[in-house]
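Note sheet for the following structure.
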Amino acid sequence: MTPNPAQVGEPVLFYLEPNPPSGSALVILFDYGDGSAPEKKQPTMDVLRHRFLAAGTYKVSVTCEVRGVMVNIQIQPVIVNVVPVKLVATPLSMEVGIPVLLKATSISKDKALRYRFSFGDNTATPWQVSNEAPPHSYKVTGKYQPRVDVGFGDSPNAVDGTDSNPVTIVAPPAKSLALRVDPVHIDEGKPVTLSAKFPAKGRQIQYRFRFGDNQTTEWQDEGELKHSYAVGTYRPAAEVGVVLDGEVYSLASTVGHTIEVVALQRPSVPPAAKERALPLPAESPVPTPPTTITSDSLVILILISVGLAIVAGVLVAGHKLRKSLSKPSRARRPVPAKPTFVAHLRAGTASVVHSPKKPLIGFELYVNANLAEGVYELIKSEPNLVRSERSRP
Amino acid sequence: MNNSDLTLRQVFSFPAKGTKDSSPERWEKFQKVVSREMKTINWPAAMPDAAEKICDLFDVKLPEIFWMAWKKADDFTKLVAESKQNPEAPKYLELVDHRIRSEYHPYIEVRIAGMPPKKIKFVVTVSFKLKGLVLTIKAGEIEEILTGRCEAEGKVEYAHVTIAEKKLAPISLPTLCRFKEEPIPIV
């Protein structure tokens with residue numbers, strides 16, 4: 001017989017080598033001593049396999065009929081031990097909604113071994129072959145006791161099990177993801193730096209950015225990057241996730257300051273004064289003006305000169321237009337200028353934003369959704385709008 | 001476009017920001033009417049830019065319109081106010097099937113140097129049929145709409161000229177509409 005001791009569920013082999021006296025009709029009856037039905041065997045060379053499904057010491061007996069006499073033989077007791085299995089939960093502390101991983105390890109190599117994981121929140125997996133539970137998220141804060149049961153075969157009963165260390169589920173951190181946008185007013189084509197910060201607390205975290213211009217990044221390790229925009233107004237956002245077993249699970253997200261990108265104009269003021277940037281971090285030195293005239297500087301000088309000439313011409317034209325409007329004349333028509341649009345829309349409010357730095361050239365348009373002054377009607381067939389209400393403990 | 005930003009722009013099929021209008025003819029009648037009122041502006045030249053900015057008027061998120069109507073239900077406002085008492089605990093509210101009708105008047109204000117400003121006012125009427133909505137509220141604010149189904153219809157007019165119209169049809173609400181643009185805890 002082997003092995004002895006054996007483990008729960010492990011097949012124990014009994015080698016049968018009968019040597020009956022001549023003239024005997026031998027019938028061998030095996031009783032394993034665990035309550036299972038005895039096995040009848042013919043007196044030939046054979047190997048019997050039996051699984052003991054509970055730990056203990058079993059008295060196996062063999063009953064033979066020799067020349068009409070029943071002879072009962074006790075063989076060496078079989079010692080059956082529990083299946084040593086260990087269960088590890090990773091991590092032991094996690095926010096609500098983020099998965100915890102359970103992994104069971106056992107020295108048993110039996111292919112019939114099955115696992116069933118209980119998460120301690122009244123949920124459990126079915127019996128499965130894999131020793132790893134599918135990622136499980138807890139919905140409510142608290143302390144939970146995961147457990148694994150082991151069994152054998154396709155329709156197993158639990159023969160053994162063990163608990164992991166308790167898992168603590170905490171509320172997600174509030175407002176701990178910060179997104180810095182620098183600068184918030186910028187010329188078209190120049191890069192804006194987005195910086196996201198989140199306390200890692202020893203975990204592997206990644207970031208994902210949404211620039212507000214229909215472009216997004218993939219999950220990445222870097223929490224800072226640069227992005228250039230076309231003319232317009234944008235609201236960037238960032239998201240942080242924790243990496244578990246090769247997957248990224250979102251922890252929090254936030255929206256950054258609105259970015260206003262203006263067309264590259266022939267500046268009448270130095271460019272540095274146009275950008276209302278947030279204070280630069282210590283590692284980003286403030287750029288100093290060039291000390292030599294480069295081709296870029298020459299282009300800027302030319303543009304400034306042309307711009308000043310245009311501004312002067314427009315001011316003169318505007319003065320003449322005002323004069324002609326105050327004294328209407330059939331011989332004169334005001335020259336319509338190309339509109340310049342400055343619009344910042346915030347739905348639900350009456351707020352309108354106008355950039356104070358743009359001169360009033362031609363005409364300007366201001367948009368207002370005016371939602372607050374609308375009329376809204378709620379039509380329902382029941383007295384109350386809320387059918388049911390449920391609170392989370 | 002982020003799936004969580006369903007606005008009236010999509011309901012009325014206005015072009016997305018920066019894209020060409022597939023129905024530029026809708027602005028022709030508007031242009032004729034507004035030209036009569038604003039004679040000092042060359043509207044035919046200005047119309048492409050003006051049309052784009054008019055479409056910005058409709059970047060109104062649908063949940064904001066819903067909220068304006070839901071405020072009228074006393075039981076709803078009472079539960080939202082109660083949630084302020086226990087700001088850490090979210091509440092789930094299941095709403096009955098209902099309908100929201102709204103009419104509001106967005107406008108564009110034209111400012112010309114030396115002249116009094118003039119408003120170009122639109123009339124927007126929009127109606128929604130909502131079924132099976134479940135909201136998450138927390139600390140007196142609606143955090144999420146775990147949505148059911150929605151049908152919408154509406155019209156945008158200026159001086160009795162129809163600029164856009166939507167016949168009653170289902171619209172796909174995103175699975176998750178977030179109100180708060182704050183760090184959002186995952187539940």
Side-chain angles (χ1 to χ4, degrees), chain A residues 95-98 139 171-177 210 214 230 232 235 237 249-255 318 321-322 325 334 336 338-339 341 343 345 347-348 352 360 362-371 373-382 384-393, chain B residues 1-2 7 16-18 40-42 45-46 49-50 53-54 56-61 64-65 67-73 75-76 79 86 88-115 124 181-187:
Chain A
E95 284 92 342
V96 164
I98 308 298
K139 293 189 173 17
K175 296 187 183 180
S176 55
L177 173 62
R210 191 177 79 224
N214 296 327
R235 197 89 195 266
Y249 298 90
S250 183
L251 273 174
S253 63
T254 190
V255 182
L321 179 67
R322 271 195 296 276
L325 285 175
K338 190 173 180 183
F341 292 93
L345 177 64
V352 173
L360 203 63
F363 67 91
E364 290 185 337
L365 298 183
Y366 297 79
V367 295
N368 191 331
N370 202 19
L371 214 58
E373 292 184 12
V375 174
Y376 304 91
E377 194 184 345
L378 180 65
I379 304 155
K380 46 187 169 55
S381 56
E382 298 178 42
N384 289 336
L385 176 62
V386 180
R387 173 176 287 137
S388 68
E389 172 240 336
R390 185 164 55 92
S391 295
R392 176 159 291 176
Chain B
M1 181 196 68
N2 188 320
T7 65
K17 252 188 178 17
T40 54
I41 296 175
N42 183 2
D49 290 333
K53 287 303 169 184
I54 290 169
D56 286 349
L57 277 174
F58 299 95
D59 283 332
V60 174
K61 293 182 189 173
E64 297 189 29
I65 298 181
W67 168 250
M68 301 296 275
W70 289 338
K71 283 193 304 185
K72 293 176 171 289
D75 60 318
F76 177 81
L79 286 168
N86 194 5
E88 290 304 313
K91 279 180 186 281
Y92 300 99
L93 305 185
E94 182 190 354
L95 305 186
V96 301
D97 295 349
H98 60 281
R99 206 169 157 180
I100 292 174
R101 276 198 213 135
S102 67
E103 181 179 310
Y104 69 103
H105 303 268
Y107 62 84
I108 290 179
E109 193 171 280
V110 184
R111 294 187 187 177
I112 302 174
M115 293 183 71
V124 177
E181 291 181 321
E182 293 285 332
I184 300 163
I186 309 293
V187 175

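Below, chains carry the letters A, B, ... as their sequence lines are ordered, and counting in each starts from 1.
- Remark: side-chain polar atoms of A:Lys380 are not paired, donor with acceptor, to backbone N or O of B:Val96 under 3.5 angstrom.
- For A:Glu389, the parts sitting under 4.5 Å from any heavy atom of chain B are the backbone and the side chain alike.
- Residue contact with chain A, scored on non-hydrogen atoms closer than 4.5 Å, involves the side chain of B:Leu79 exclusively.
- Not one N or O on the side chain of A:Asn368 forms a donor-acceptor pair closer than 3.5 Å with the backbone of B:Tyr107.
- Between A:Ile379 and B:Arg101 the shortest heavy-atom distance is CD1-CZ, 3.6 Å.
- The heavy-atom pair separating A:Ala369 from B:Val60 by the smallest distance is CB-CG2, 4.1 Å.
- Across all non-hydrogen atoms, the minimal contact from A:Leu378 to B:Ala73 is CD2-CB, 3.9 Å.
- Looking only at side-chain heavy atoms (C-beta outward), B:Tyr104 and A:Val375 stay at 4.5 Å or farther from each other.
- Using a 4.5 Å heavy-atom cutoff, the side chains of A:Leu385 and B:His98 are in contact.
- Atom CD1 of B:Ile65 sits about 6.5 Å away from atom OH of A:Tyr376, to the nearest 0.5 Å.
- Without hydrogens or angle criteria, B:Asp75 side chain to A:Asn384 main chain gives no donor-acceptor distance under 3.5 Å.
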